[in-house]
Q: 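Please read through the structure below; I'll follow up with questions.
Letters A, B, ... mirror the listed sequences (proteins, then strands); counts begin at 1. Just so it is clear, the model here is predicted, and its values are computed rather than measured.
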Amino acid sequence: MDFQKVIAVATRRGIFQSAFDAYGGLAGFIDYGPVGVKMRRRILETWRKLYVIDAGCLELDGALIGPEALFQASGHLGEFDDALVNCEDCKKQFRADHLVDGGEEMSRDELAKAISGMACPGCGATLSEMTSFNLMFSTGVGAGKGLPGYLRPETAQSIFLAFPWLLRQNRGKLPFAAAQIGRSFRNEISPRQGPLRMREFTQMEVEHFFLPNEEPLLSDDLRDVTINLLDANGKETSSTVGEGFDEGIIGSSLVACHLARAQKFLTTIGVPDKKLRFRQHGSNEMAHYSSDCWDGEINTSLGWVEVVGVAHRGDYDLSAHGNASSKEFRVAVPGTEKETEVWVPDIGKLGKEFKGDAKFILEAIRDVDLQPGFSVDVNGSKIELTSEYMSQKTERRSEMVYANVVEPSFGLDRILYCLLESSWKSDGEREWISLPQETSPYDLLVAPLMTKDGLDDKAHEIMKSAIDIGVDAYYDEAGSIGRRYARADEIGIFFSMTVDHQTLEDGTVTLRERDSKDQNRLSIEDALNKVRR
RNA sequence: GCAGGCGUGGUCUAGUCUGGUAUGACUAGGGGUUUCCAACCCCUCAACCUGGGUUCAAAUCCCGGCGCCUGCACCA
């Protein structure tokens with residue numbers, strides 16, 4: 001099964017196609033069709049079951065467009081923004097900050113100065129002016145000039161911003177995890193390979209927060225999950241997650257937990273164990289904030305495709321937002337409450353005495369450890385605050401810290417593609433997608449053996465009762481029965497129910513299982529119960 | 001973004017060099033026949049990526065755009 005074939009089947013069977021086809025298409029965007037939407041939904045359901053229901057993650061659905069300040073703080077405006085220079089002569093393009101010593105530290109203006117008049121490293125001609133390219137889509141918020149806004153380049157920031165709110169929903173307790181399914185947008189320079197590199201894509205992310213010294217341990221049920229590991233030194237092992245952690249290959253217990261969960265999730269939806277591995281990032285590949293990072297990869301005809309990243313992000317994001325915004329993103333460490341005697345200003349007295357200057361004084365002492373005799377500069381004159389302007393008070397305070405976070409982040413579109421490719425089976429002429437019942441787009445194919453003698457009426461009747469009990473069934477009466485099985489197989493429908501003459505006599509049907517083609521004769525009721533999920 | 005290759009019904013494709021009614025298969029729909037794994041027969045729907053140019057005439061030649069593939073560059 002190669003890329004072209006997946007694309008052809010996806011188009012033919014209503015899974016996905018490239019978007020805006022009528023207008024020539026636009027790279028990096030695809031539409032999901034009737035079958036694709038069902039497959040995605042099933043994958044999401046499985047994911048939600050594992051993370052939101054089993055693991056108890058708090059679910060969030062964040063806004064897609066964010067203000068400039070947010071992306072300034074998250075680092076995306078800086079990190080996602082590349083200064084590019086072109087050479088007019090040899091048509092090569094370079095990153096400006098890579099051409100200058102220490103360029104990564106420079107501001108835009110400094111870079112522009114350093115670049116001007118520089119010779120092209122390729123051909124020696126003079127480089128043209130610097131242009132900048134930001135991987136984020138920008139837009140305007142509001143009428144007129146409006147405020148600059150950006151489409152989020154990852155869902156994660158929504159969770160980080162909601163951290164204080166979510167923490168309250170968890171009644172102030174750590175650890176906890178938040179989950180989010182949503183779209184993200186990146187204006188990729190050259191998106192290729194359909195669903196693998198998109199400009200608009202769906203992420204399924206978890207941010208698992210914990211106190212710095214209280215990282216959740218690897219639980220017993222996750223210890224025994226078998227997993228293929230490729231560590232940063234290029235050493236491949238197949239062992240349990242517990243062994244990998246004990247031997248120090250996996251550096252963090254919570255990263256180990258999430259590697260195990262990711263392994264469970266991907267195999268549950270039908271990715272064969274043999275085609276799945278987790279590869280550790282080398283130190284140069286790792287994002288600057290991350291201390292341990294693993295990519296879950298699926299082996300396809302295009303090589304290993306990254307479908308999930310598990311990263312230890314430390315406190316990078318929360319502290320960034322804590323520093324840049326006016327909100328408290330830290331948490332109190334339980335058990336560290338201390339009684340301290342603190343001096344608090346007597347605001348009434350300060351006001352009466354200093355009138356208009358009082359607000360400058362208050363401003364100046366806001367974040368300092370106030371003591372009698374503290375002096376402040378106000379409009380050039382020095383004011384000494386004696387004890388008559390303050391009083392002593394006993395305060396209970398806790399140590400405040402930023403929570404750390406481990407993040408598994410899944411790319412839904414890539415997962416679907418890899419799943420289609422990796423579960424593709426063929427046997428001579430016969431070709432089918434061997435999806436587990438879990439991710440099969442329909443629960444059941446209902447097919448009358450022929451469309452006479454009332455068999456089709458009976459089949460319609462069964463369809464109705466299937467739908468009544470929540471079985472998502474697909475009805476097909478066109479063509480030979482073999483052809484209909486083949487059609488169903490091609491989109492991975494797990495069970496097929498065939499209505500024949502015996503059905504009319506004793507109320508039994510045959511239930512065919514896709515992979516084995518085995519058929520059993522059961523009562524209608526038993527058959528429906530069997531396919532019901 | 002650069003270079004090269006490519007773009008024909010839903011899918012795969014012939015035709016492009018050498019300009020003149022667009023080939024075939026599969027799929028799908030209708031009908032017939034058969035009835036448990038893509039059978040068969042008849043019928044039908046359906047395409048030259050797009051915009052300009054050259055020409056009496058463009059799928060075909062030329063130029064621009066868009067898209068796809070490969071390589072380079074980029075890639076949290």
Q: With nearest nucleotides of RNA chain B determined for A:L449 and A:E490 from heavy-atom distances, which residue corresponds to the more 5′ nucleotide?
A: A:L449
Q: When the C1' atoms of B:A59 and B:U8 are considered, how many whole Å apart are they?
A: 7 Å
Q: Which pairs pass salt bridge (Lys or Arg N to Asp or Glu O under 4.0 Å) with one or both residues in residues 503-513 of chain A, sequence neighbours excluded?
A: A:D489-A:R512
Q: Taking any strand in view, what nucleotide pairs with B:G67 in a Watson-Crick or G-U wobble way, both distances under 3.5 Å?
A: B:C6
Q: Does A:T11 make a side-chain N or O approach to OP1 or OP2 of B:G10 shorter than 4.0 Å?
A: no
Q: Roughly, in whole Å, what's the span from CD in A:Q17 to P in B:G7?
A: 21 Å
Q: Side chain of A:I189: nearest nucleotide among B:G1, B:C36, B:C69?
A: B:G1
Q: Send over the distance from A:R430 CZ to B:C36 C1', rounded to a whole Å.
A: 13 Å
Q: State which residues pass ring-ring contact (aromatic ring centres under 6.0 Å, His included) with A:Y475; sequence neighbours excluded, sorted by chain then number.
A: A:H460
Q: How would you list, by chain and number, every residue that makes a ring-ring contact (aromatic ring centres under 6.0 Å, His included) with A:F3, sequence neighbours excluded?
A: A:Y417
Q: Pull out every protein N or O sitting under 3.5 Å from an N or O of nucleotides 45-53 of chain B, one pair per line with the distance.
A:
none

Q: Show every salt bridge (Lys or Arg N to Asp or Glu O under 4.0 Å) that has at least one partner inside residues 62-77 of chain A, sequence neighbours left out.
A: none
Q: Taking atom P in both B:G1 and B:A47, what distance in whole Å separates the two?
A: 32 Å
Q: Between A:V509 and A:Q203, name the one whose nearest nucleotide on RNA chain B is closer to the 5' end.
A: A:V509
Q: Using the P atom as the point on both nucleotides, what is the distance between B:C49 and B:C2, in whole Å?
A: 23 Å
Q: Going by purine N1 to pyrimidine N3 plus the second Watson-Crick contact, or the G-U wobble pair, all under 3.5 Å, which nucleotide sits opposite B:C72?
A: B:G1
Q: Polar pairs (N or O, both sides) under 3.5 Å between protein and nucleotides 26-29 of chain B?
A:
unit_1: B:U27; atom_1: OP1; unit_2: A:R483; atom_2: NH1; d: 3.0
unit_1: B:U27; atom_1: OP1; unit_2: A:R483; atom_2: NH2; d: 2.9
unit_1: B:A28; atom_1: OP1; unit_2: A:R487; atom_2: NH1; d: 2.2
unit_1: B:A28; atom_1: OP2; unit_2: A:R483; atom_2: NH1; d: 2.7

Q: Answer with yes or no whether A:Y485 presents, from its side chain, a donor or acceptor under 3.5 Å of a partner atom in the base of B:C36.
A: yes
Q: Would you mind telling me which of B:U11, B:U70, B:C74 lies closest to the side-chain atoms of A:A8?
A: B:U11
Q: Among residues at least two apart in sequence or on other chains, which ones pass ring-ring contact (aromatic ring centres under 6.0 Å, His included) with A:Y474?
A: A:Y442
Q: Using the P atoms only, state how far B:C66 lies from B:G29, rounded to an integer number of Å.
A: 38 Å
Q: With sequence neighbours excluded, give me every salt bridge (Lys or Arg N to Asp or Glu O under 4.0 Å) pair touching residues 412-425 of chain A.
A: A:R40-A:D413
Q: Can you list every pair that meets ring-ring contact (aromatic ring centres under 6.0 Å, His included) and has a residue in residues 477-523 of chain A, with sequence neighbours left out?
A: none
Q: For the side chain of A:Q193, starting at C-beta, report the closest nucleotide among B:C36, B:C68, B:C69.
A: B:C69
Q: B:U21 and B:U16: how far apart are their P atoms, nearest whole angstrom?
A: 13 Å
Q: For residues 28-37 of chain A, which residues have at least one heavy atom under 4.0 Å from RNA chain B?
A: none
Q: Which nucleotide, B:C69, B:C37, B:G1, lies nearest any side-chain atom of A:F3?
A: B:C69
Q: Excluding sequence neighbours, so at least two apart, what forms salt bridge (Lys or Arg N to Asp or Glu O under 4.0 Å) with A:E215?
A: none
Q: Strictly below 4.0 Å, heavy-atom distances to any atom of RNA chain B: list the hits from residues 57-76 of chain A, or just say none.
A: none
Q: Return the pairing partner of B:G20 with a 3.5 Å limit on both distances, Watson-Crick or G-U wobble; otherwise return none.
A: B:C56
Q: Donor-acceptor pair, distance only, cut-off 3.5 Å: does the side chain of A:R152 make one with the backbone of A:Q157?
A: no
Q: Any N or O donor-acceptor pair linking the side chain of A:D500 to the base of B:C36 at under 3.5 Å?
A: yes
Q: Check whether NZ of the Lys or CZ of the Arg A:R277 lies under 6.0 Å from the centre of the six-membered ring of A:W304 and within 45 degrees of that ring's axis.
A: yes
Q: Tell me if the side-chain of A:S190 makes a donor-acceptor pair with the base of B:C74, cut-off 3.5 Å, by modelled atom types.
A: no
Q: Is any N or O donor-acceptor pair between the side chain of A:R192 and the base of B:G67 shorter than 3.5 Å?
A: no
